[in-house]
Amino acid sequence: MFDVLQYSFIQNAFLASFLVAIIAAVVGYFLLIRGLTFAGHALSHIGFAGAAGAVLIGVDPVVGLLVFTIAAGVGIGILGRVLKERDVTIGIFLTLALAFGILFLFLYRGYAEQAYSILFGTILGISTLNVIITAIFSFIVLGVLLFLFRPLLFSSFDPEVAEARGIPVKALGILFLILVAITVSMSVQVVGVLLIFTLLVGPAATAMRIVKNPYLAIGIAMLLGIIYSWVGIFIAALTNLPVSFFIATLSFGTYIIVRMVEPFLQKHYA
């Protein structure tokens with residue numbers, strides 16, 4: 001049963017999913033406390049348009065993903081100053097990007113297999129080079145998040161007071177959305193555009209219902225993300241069924257169980 005672990009593509013999948021689960025847990029926690037879950041969802045779909053555009057001009061879809069999501073993240077951060085305005089801005093960027101995605105796919109004369117694979121994830125087909133690229137971006141995102149952790153946490157819970165104390169809240173928000181964009185671009189390799197919430201929101205949402213302490217919540221979210229990904233990859237390798245299905249099912253099932261037993265959890269130990 002464990003013979004599948006000897007194959008290089010399985011090992012690459014485990015490494016890439018480990019890296020993505022770590023970053024997605026940290027970013028996902030801040031997405032939730034900043035009320036930006038819709039932004040994370042929108043950026044993943046905007047990224048698909050970028051992937052389609054990249055296929056059209058003959059470059060790696062991940063490059064298009066990064067370009068479109070980062071550009072959209074900056075645009076949302078600049079134009080969306082308040083919650084209501086931000087949601088409208090996200091919606092406008094999303095519809096424009098989807099329109100471009102349709103146009104790119106229409107203009108492409110071949111079968112855009114690479115672009116379509118972005119929808120569902122291709123973790124079992126990830127190459128060693130992609131693992132290295134994922135590792136580089138993961139360390140960059142994690143390093144920036146660690147450096148900005150305290151001001152980002154402060155501005156997330158109380159932006160008015162943080163701004164009064166000299167923290168550049170708006171610039172910090174834009175930078176965070178850029179980090180979200182990079183994380184989304186990495187995560188789609190594991191679960192795809194359609195299931196991006198599985199790793200970005202699922203583990204963090206579950207962890208936040210178990211503990212209130214930010215550090216413990218992020219740690220638990222990391223652990224859950226790794227477990228979901230590794231168990232999902234292992235079962236998929238044995239059954240030849242989609243990895244994203246198992247990861248999403250594990251994430252959903254765990255969240256529901258925690259919601260059911262939440263009243264009995266001793267949160268005061270957090």
Side-chain angles (χ1 to χ4, degrees), residues 1-29 31 40 44 47 51 60-63 65-66 113-114 116-143 145-146 179-207 217-255:
M1 183 173 65
F2 293 99
D3 290 344
V4 294
L5 299 177
Q6 66 181 315
Y7 298 109
S8 60
F9 71 94
I10 295 293
Q11 295 168 6
N12 286 340
F14 273 103
L15 285 172
S17 62
F18 173 82
L19 294 167
V20 170
I22 294 294
I23 301 302
V26 185
V27 171
Y29 176 81
L31 270 179
S44 63
D60 194 315
V62 176
V63 175
L65 253 163
L66 276 170
E113 181 181 359
Q114 286 182 303
Y116 286 118
S117 67
I118 295 294
L119 287 172
F120 307 103
T122 55
I123 188 63
L124 291 181
I126 194 169
S127 65
T128 302
L129 176 60
N130 282 336
V131 173
I132 294 172
I133 293 172
T134 301
I136 292 171
F137 278 107
S138 296
F139 285 121
I140 291 173
V141 172
L142 187 59
L145 284 171
L146 288 175
L179 297 178
V180 173
I182 296 172
T183 304
V184 164
S185 300
M186 293 188 298
S187 299
V188 293
Q189 299 176 88
V190 181
V191 293
V193 165
L194 298 180
L195 294 174
I196 194 69
F197 268 22
T198 299
L199 290 179
L200 264 181
V201 176
T206 302
I218 291 173
I220 292 173
M222 288 179 180
L223 181 61
L224 289 174
I226 294 169
I227 292 173
Y228 299 158
S229 300
W230 284 6
V231 173
I233 291 169
F234 186 72
I235 298 175
L238 294 177
T239 61
N240 201 31
L241 292 173
V243 175
S244 53
F245 165 74
F246 294 110
I247 296 176
T249 302
L250 287 167
S251 179
F252 175 78
T254 305
Y255 178 77

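What's counted below: heavy atoms across the whole structure, side chains too, no hydrogens, waters or symmetry copies. In what follows, residues are counted from 1 in the order of the sequence shown. Computed from a predicted structure; not experimentally measured.
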Using side-chain contact (heavy atoms from CB on, under 4.5 Å) as the criterion, list what pairs up with [X], not counting sequence neighbours.
X	answer
Leu31	Val27, Leu36, Phe176, Val180, Leu200
Ile220	Ala207, Ile210, Val211, Leu224
Leu146	Leu142
Leu19	Thr134, Ala135, Ser138

Those residues that, when tested against Phe14, pass ring pair (Phe, Tyr, Trp, His ring centres under 6.0 Å) (two or more places apart): Trp230
Phe252 atom CZ, over 12 foreign heavy atoms within 6.0 Å: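 Check fails, neighbour count at 12 or below.
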Residues, nucleotides or ligands: over 12 heavy atoms within 6.0 Å of Phe246 CZ: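 Above 12, so yes.
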Closest heavy-atom pair and its distance - Tyr255, Ala205: CE1-CB, 3.9 Å
Gly225 to Ala21 - nearest heavy-atom pair and separation: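 Shortest heavy-atom contact: C-CB, 3.5 Å.
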Donor-acceptor contact below 3.5 Å, side chain Thr254 vs main chain Leu250: yes
Min side-chain heavy-atom separation Thr239-Phe245 under 4.5 Å: no
Rounded distance (nearest 0.5 Å) linking atom CD1 of Ile247 with atom CD1 of Ile233: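 Spacing of CD1 (Ile247) from CD1 (Ile233) equals 6.0 Å.
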From Tyr228 atom OH to Leu223 atom CG, the distance as rounded to the nearest 0.5 Å: 9.0 Å
Audit row: Ser229, Leu199, side chain to side chain contact (heavy atoms under 4.5 Å, CB included) steps and yes/no: CA-CA 9 Å; Ser229 300; Leu199 290 179; 3.7 Å; yes
Partners meeting side-chain hydrogen bond (donor to acceptor under 3.5 Å, both in side chains) with Thr128 (sequence neighbours left out): Asn12
